[in-house]
Amino acid sequence: MAVKPVIKGVHIVPMGFANAFLIEGDDGFTLVDAGFPGKESVVFEAIRGLGRSPDQLKHLVLTHAHPDHVGSAAGIVRGTGARTYMHPLDIPIAESGGPFRPMTPAPGLLGRVLCNLFFHPEERLDPVAIDQPLTPGETLPIAGGFEVIHVPGHCAGQVALLWRPGRMLFAADVCTNIMGLGDPVGFENLEQGRVSQRKLASLSFDAAGFGHGKPIARDASTRFRNKYAKDPEDVHQLRSAA
Ligand SMILES: [Zn+2]
Ligand SMILES: [Zn+2]
């Protein structure tokens with residue numbers, strides 16, 4: 001299967017209404033997220049499509065422990081030996097394979113419909129061992145450097161990743177880009193989720209990838225600012241909170 005580049009060095013891998021991203025580095029490939037269960041072969045084919053073998057996948061960074069982001073993680077590790085990374089708050093969920101923390105659907109009818117359709121807290125997955133806990137604020141020294149940003153709200157252990165070499169933000173499920181920037185299907189804590197959306201809008205980046213919806217190749221941080229930091233009061237609050 002041919003995967004499409006978003007920007008140079010980053011390929012989007014469709015994992016069944018969820019996205020994973022394959023990043024090329026001098027230290028082999030890094031995968032951000034592992035999609036729904038049963039999708040590991042999509043990742044292996046994507047790597048082969050780039051003329052390499054699956055054992056070239058060295059790192060698997062998981063943005064949070066939801067079934068559509070860790071579903072194929074165990075299978076991917078079995079097929080590649082990749083080292084796994086996740087925020088400490090979500091590690092016990094990934095390592096037990098569920099159940100998952102409950103979420104409240106996002107405001108609006110669509111949130112309620114999608115949340116009931118896609119999120120089942122009682123779901124059980126193949127457990128995956130996490131090799132390395134992520135520390136918010138650190139820059140992971142893989143693929144040229146990923147800055148780790150803690151963005152709770154949708155999920156307590158959620159991180160976004162800013163890939164320095166390509167100035168690309170991996171926004172996880174802080175927001176989606178299905179019909180423009182919008183809410184994820186649900187929140188564990190709506191207020192924290194709003195703070196995390198504004199936190200990402202305060203950063204500077206060129207490209208953005210999402211757990212769900214289309215990636216943005218350029219001027220992405222302008223779109224985040226227009227959506228989440230429109231109100232000068234918000235920008236002011238962010239500055240004073242920084
Ligand atoms: Zn999620
Ligand atoms: Zn998701």
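Note that ligands are numbered from 1 as they come in the structure, with each ligand's atoms numbered from 1 the same way.
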**Student:** Ring centroids only, cut at 6.0 angstrom: are H154 and H64 within range, meaning strictly under it?
**Tutor:** yes

**Student:** Between F118 and F17, is the ring centre distance below 6.0 Å?
**Tutor:** yes

**Student:** Within rounding of 10°, what is the angle whose vertex is the Zn ion (ligand 1) and whose arms end at OD2 of D173 and NE2 of H154?
**Tutor:** 90°

**Student:** Report whether any nitrogen, oxygen or sulfur of H66 sits less than 2.8 Å from the Zn ion (ligand 2) (N, O or S, backbone or side chain).
**Tutor:** no

**Student:** Relative to the Zn ion (ligand 1), which of the N, O or S atoms in H64 is the closest?
**Tutor:** NE2

**Student:** Could you grab the angle centred on the Zn ion (ligand 2), going from NE2 in H69 to OD2 in D68, to 10°?
**Tutor:** 100°

**Student:** Given the rule in the side chain to side chain donor-acceptor pair (under 3.5 Å) test, do D68 and H212 qualify, once you have shown the distances and angles that lead to the verdict?
**Tutor:** CA-CA 10 Å; D68 51 332; H212 309 278; 2.9 Å; yes

**Student:** Centres of the F146 and Y85 rings: under 6.0 Å?
**Tutor:** no

